[in-house]
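What follows is one structure encoded as structure tokens, with my remarks underneath.
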Amino acid sequence: MNKNRVFTEKELLELGRRTVDLICEAVDVGDKEKAKKLSHRMYREFQYMHDLLRDWVTATLSYIYERYGDEAVYEAMHQGCSSWYKPIVELYEKADSFRDRVQMLAMGLRGHLQPMKVEEDDEKVCITMVPCGSGERLFKEGGTAPLKISGIIEKPQPCTYNRPNCPIYCAHEPMLEILSTEWKDHPTWVCFPPDGFATGGCCFCIYKDPKTIPEGVYARVGKQKPKVWESSAFSQ
């Protein structure tokens with residue numbers, strides 16, 4: 001046997017297995033404590049990767065902004081967000097009901113691993129993370145210490161909801177509304193940020209009928225509400 005070995009063959013096999021498979025195995029044999037421990041491990045694993053990608057995107061956009069300016073970062077976000085967001089918009093369009101679309105949004109936001117407050121009124125369902133799992137946490141961590149990676153878009157413009165001093169990471173949400181409005185004439189969902197960017201959770205709302213989306217939602221991203229509507233694609 002190699003005297004320099006640190007792990008047994010069994011330990012190496014265990015290291016290579018997916019955490020979700022280990023959880024299911026623990027549940028099947030009735031080991032509740034092991035299943036709980038592994039569930040927390042999987043949460044930490046996912047959050048580490050979530051934050052790594054969040055910080056990577058933020059640092060890259062900050063570099064583009066500081067080196068090349070507003071127009072370049074707008075173009076980078078327009079291109080980058082289009083690549084992953086268009087399939088999502090198409091899935092929402094194909095959903096069978098408003099209920100399904102709300103569940104899809106909740107599923108996506110749960111990927112930020114934070115508790116959520118969900119509310120409904122006659123016009124819409126709104127979901128707020130408490131706290132925001134990305135932008136707010138990024139700034140509570142120092143944006144992020146010790147790198148201070150996040151730039152601030154100082155000038156009001158469509159990708160900042162025409163508000164000044166928008167953290168560059170947070171600018172992707174206005175971009176999603178810009179893109180879906182360009183593709184489908186209305187935003188798939190509407191985000192209402194707190195008074196101070198990244199000081200609280202944004203409120204994400206899906207309207208039961210997009211005709212009721214306020215004109216101001218369009219104006220803040222440099223768009224116009226359609227004057228003529230076909231039958232609603234998002235009927236309840």
Side-chain angles (χ1 to χ4, degrees), residues 74 77-78 81-82 84-137 153 156-167 169-236:
Y74 182 95
M77 283 196 298
H78 194 284
C81 290
S82 294
W84 58 265
Y85 189 52
K86 193 162 191 176
I88 292 175
V89 171
E90 291 171 351
L91 283 175
Y92 274 72
E93 290 283 338
K94 293 175 183 176
D96 291 333
S97 67
F98 173 78
R99 182 185 185 90
D100 288 343
R101 285 184 285 278
V102 170
Q103 291 173 333
M104 291 166 66
L105 178 60
M107 179 179 68
L109 293 177
R110 281 197 298 270
H112 289 295
L113 303 174
Q114 304 302 317
M116 302 188 302
K117 178 175 69 174
V118 185
E119 301 172 295
E120 181 177 5
D121 61 28
D122 290 342
E123 289 186 334
K124 60 192 179 297
V125 169
C126 295
I127 304 175
T128 306
M129 287 181 285
V130 186
C132 166
S134 50
E136 182 182 1
R137 284 185 53 249
I153 301 177
Q157 54 196 280
C159 69
T160 71
Y161 289 135
N162 269 302
R163 291 167 51 178
N165 301 321
C166 176
Y169 176 85
C170 299
H172 77 276
E173 191 56 46
M175 181 55 67
L176 300 187
E177 293 179 26
I178 290 169
L179 290 170
S180 54
T181 301
E182 289 176 354
W183 298 330
K184 302 293 182 181
D185 293 329
H186 59 81
T188 302
W189 60 73
V190 176
C191 175
F192 296 102
D195 290 339
F197 282 117
T199 60
C202 291
C203 182
F204 297 87
C205 299
I206 293 188
Y207 283 77
K208 297 173 182 179
D209 186 338
K211 296 175 186 176
T212 65
I213 296 174
E215 291 185 12
V217 166
Y218 295 86
R220 65 184 184 169
V221 294
K223 302 295 182 182
Q224 288 187 332
K225 184 173 181 176
K227 293 187 176 4
V228 179
W229 285 85
E230 297 176 0
S231 60
S232 174
F234 285 173
S235 58
Q236 194 166 357

With rounding to the nearest 0.5 angstrom, report the [atom1] to [atom2] distance, [X] to [Y].
| X | Y | atom1 | atom2 | answer |
| --- | --- | --- | --- | --- |
| I178 | H172 | CD1 | NE2 | 12.5 Å |
| L105 | I88 | CG | CD1 | 10.0 Å |
| L91 | K86 | CG | NZ | 13.0 Å |
| C170 | F197 | SG | CZ | 7.0 Å |
| H186 | T212 | NE2 | OG1 | 10.5 Å |

Residues K223, E177: salt bridge by 4.0 Å N-O rule: no
Evaluate side-chain contact (heavy atoms from CB on, under 4.5 Å) for M116 paired with L109, printing each intermediate quantity in order. CA-CA 8 Å; M116 302 188 302; L109 293 177; 3.6 Å; yes
If you compare the SG positions of C203 and C126, is the separation below 2.5 angstrom? no
Checking M175 against Y74 for the side-chain contact (heavy atoms from CB on, under 4.5 Å) test, could you report, in this order, the C-alpha distance in whole Å, the side-chain angles of both residues, the deciding distance, and whether it holds? CA-CA 8 Å; M175 181 55 67; Y74 182 95; 3.6 Å; yes
Might you work through the side-chain contact (heavy atoms from CB on, under 4.5 Å) test for Y92 and R101, ending with a clear yes or no? CA-CA 6 Å; Y92 274 72; R101 285 184 285 278; 3.9 Å; yes
Main-chain N/O of [Y] paired to [X] side chain as donor or acceptor, under 3.5 Å:
| X | Y | value |
| --- | --- | --- |
| T188 | V89 | no |
| D121 | K124 | yes |
| K225 | I213 | yes |

Can you see whether Y161 has R220 sitting over its ring - NZ or CZ less than 6.0 Å from the centre and within 45° of the normal? yes
Applying side-chain contact (heavy atoms from CB on, under 4.5 Å), run through H112 and E136 and close with a yes or a no. CA-CA 11 Å; H112 289 295; E136 182 182 1; over 6 Å; no
Is the Y85 to W189 ring centre distance short of 6.0 Å? yes
With a cut-off of 6.0 Å (strictly less than), are more than 12 heavy atoms of other residues, nucleotides or ligands near CG of D195? no
